[in-house]
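A, B, ... follow the sequence lines: proteins, then strands. Residue 1 opens every chain. Values reported hereafter were calculated over all heavy atoms of this structure, with side chains retained and with hydrogens, waters and symmetry mates removed.
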There are 2 protein chains.
Amino acid sequence: MIISDVDSAFRALADPTRRRILQLVANQPLSAGEIANHFQTTRPAVSQHLGVLREAGLLSESRDGSRRLYQAESMAVDDVINHLQSFWSPRLQELKRQAERKERHRHAKP
Amino acid sequence: MIISDVDSAFRALADPTRRRILQLVANQPLSAGEIANHFQTTRPAVSQHLGVLREAGLLSESRDGSRRLYQAESMAVDDVINHLQSFWSPRLQELKRQAERKERHRHAKP
DNA sequence: ATAGGCTGTAAGCTGTTGCTTACGTTAGCG
DNA sequence: CGCTAACGTAAGCAACAGCTTACAGCCTAT
């Protein structure tokens with residue numbers, strides 16, 4: 001588990017702007033200014049979003065001179081997806097068990 | 001796509017209490033009071049959480065006399081997981097493409 | 001009909017979020 | 001050394017989220 005805590009990661013992903021940012025820097029690192037150019041809001045607002053994503057462990061930061069490059073922490077996003085799946089999988093296992101039980105009943109008394 | 005809109009579903013899942021509620025009613029329907037008994041907060045607070053989950057399409061409501069039974073809308077949760085995966089999969093595809101390109105280069109000039 | 005559960009809902013409060021404007025800071029360049 | 005570009009950060013504000021208390025609406029049983 002890379003992400004610091006699940007709640008902050010979920011909250012970070014709950015914002016559509018932040019999800020778009022994450023998509024932007026999924027394949028290549030981008031500077032804060034380049035990221036901000038993709039949005040209508042001001043640069044400080046984007047910078048704050050970057051802070052939230054970084055705080056949640058979904059983003060890694062590196063420096064290139066006076067610029068700061070951001071890139072998605074892909075394994076962290078995978079962690080969130082995996083957590084959501086394992087959070088939900090007991091429900092599927094239970095469904096499967098119920099189906100099997102019903103199947104056995106059908107065989108027991110036809 | 002069952003869920004009304006992705007944003008509301010994400011925001012609904014961002015709250016840990018609501019995720020626990022969703023787990024509680026994943027396998028069997030429960031009344032609002034039974035659900036509230038699992039938490040320290042007051043019953044109205046839980047009722048509001050139920051409203052958020054229902055609004056997001058993650059919960060279905062049925063009536064049993066004076067009680068109201070809630071149950072997770074399993075396909076809606078699956079939708080969210082699938083959306084997250086397809087939202088993130090382009091990144092994986094790109095990684096794969098880069099790996100293949102690198103592989104071809106390795107073959108081209110050894 | 002009326003009494004009593006079981007519940008949603010309104011009102012009000014507090015903490016948080018997301019935005020903007022203004023300012024501080026660091027790197028690179030003349 | 002200044003000067004500029006590229007940033008983060010503080011301050012302030014409107015909107016919202018989540019909680020509690022108080023109240024109103026059903027349904028059932030008597």
Side-chain angles (χ1 to χ4, degrees), chain A residues 3-25 28-73 80, chain B residues 3-25 28-73 80:
Chain A
I3 50 180
S4 51
D5 107 272
V6 185
D7 279 6
S8 60
F10 265 108
R11 277 195 295 101
L13 286 174
D15 188 276
T17 302
R18 286 196 284 263
R19 285 200 302 274
R20 283 188 55 202
I21 290 179
L22 216 50
Q23 275 187 312
L24 274 176
V25 295
Q28 83 279 21
L30 287 178
S31 71
E34 290 169 332
I35 296 173
N37 286 338
H38 285 79
F39 297 92
Q40 288 189 329
T41 65
T42 57
R43 188 188 50 71
V46 171
S47 184
Q48 285 170 1
H49 280 306
L50 291 172
V52 172
L53 287 168
R54 186 176 50 79
E55 196 77 15
L58 296 171
L59 222 55
S60 68
E61 177 185 335
S62 61
R63 311 206 53 155
D64 171 35
S66 75
R67 309 192 317 161
R68 300 191 193 194
L69 299 181
Y70 292 93
Q71 188 158 17
E73 199 69 52
V80 177
Chain B
I3 50 180
S4 51
D5 104 273
V6 186
D7 278 7
S8 59
F10 265 107
R11 275 193 299 100
L13 286 175
D15 188 277
T17 301
R18 286 197 284 263
R19 284 200 302 276
R20 282 187 57 199
I21 290 179
L22 216 50
Q23 276 187 312
L24 274 176
V25 296
Q28 83 279 20
L30 288 179
S31 71
E34 290 168 330
I35 296 173
N37 285 339
H38 285 79
F39 299 91
Q40 288 191 326
T41 65
T42 57
R43 189 190 49 72
V46 171
S47 184
Q48 286 169 1
H49 280 306
L50 291 171
V52 172
L53 287 167
R54 187 175 48 78
E55 195 77 15
L58 296 172
L59 222 56
S60 69
E61 178 185 333
S62 61
R63 311 206 51 154
D64 171 35
S66 75
R67 307 193 315 160
R68 301 191 191 193
L69 300 181
Y70 291 92
Q71 189 157 17
E73 199 69 53
V80 177

Heavy-atom closest pair, residues B:Pro29 and B:Leu69: CB-CB, 4.2 Å

Contact state string [nucleotides 10-23 of chain D, B base, S sugar-phosphate only, - no protein heavy atom under 4.0 Å]: -B-----SSBBBB-

Below 4.0 Å: OP1/OP2 of D:dG8 and any side-chain N or O of A:Tyr70: yes

Integer-rounded Å distance: C:dG28 P and A:Arg67 CZ: 11 Å

NZ/NE/NH1/NH2 to OD/OE distance under 4.0 Å, B:Asp7 and A:Arg19: yes

Touch class at under 4.0 angstrom, heavy-atom based, for A:Phe39 against every strand present: nothing

Gap between atoms CD1 and P, on A:Ile21 and C:dC19 respectively (whole Å): 9 Å

Rounded interatomic separation in angstrom, taking CD1 from A:Ile35 and P from D:dA6: 14 Å

Between P of C:dC6 and CG of B:Asn37, the distance in whole Å: 10 Å

Shortest side-chain distance from A:Ser31, nucleotide among D:dA6, C:dC6, D:dC7: D:dC7

Lys/Arg N to Asp/Glu carboxylate O, B:Asp5 vs B:Arg11, below 4.0 Å: no

Within residues 39-48 of chain B or reaching into it, pairs that qualify as side chain to side chain donor-acceptor pair (under 3.5 Å) - sequence neighbours excluded: none

side-chain N/O A:Ser47 vs D:dC7 OP1/OP2, d < 4.0 Å: no

SB check A:Glu73 A:Arg54 (cutoff 4.0 Å): no

5'-most by nearest nucleotide on DNA chain C - B:Glu61 or A:Asp64: B:Glu61

Separation of atom CD in A:Glu34 from atom C1' in D:dC7, rounded to whole Å: 13 Å

Whole-Å distance separating the CZ atom of B:Arg63 from the C1' atom of D:dC26: 7 Å

Partner residues of A:Arg18 under the salt bridge (Lys or Arg N to Asp or Glu O under 4.0 Å) criterion, sequence neighbours left out: none

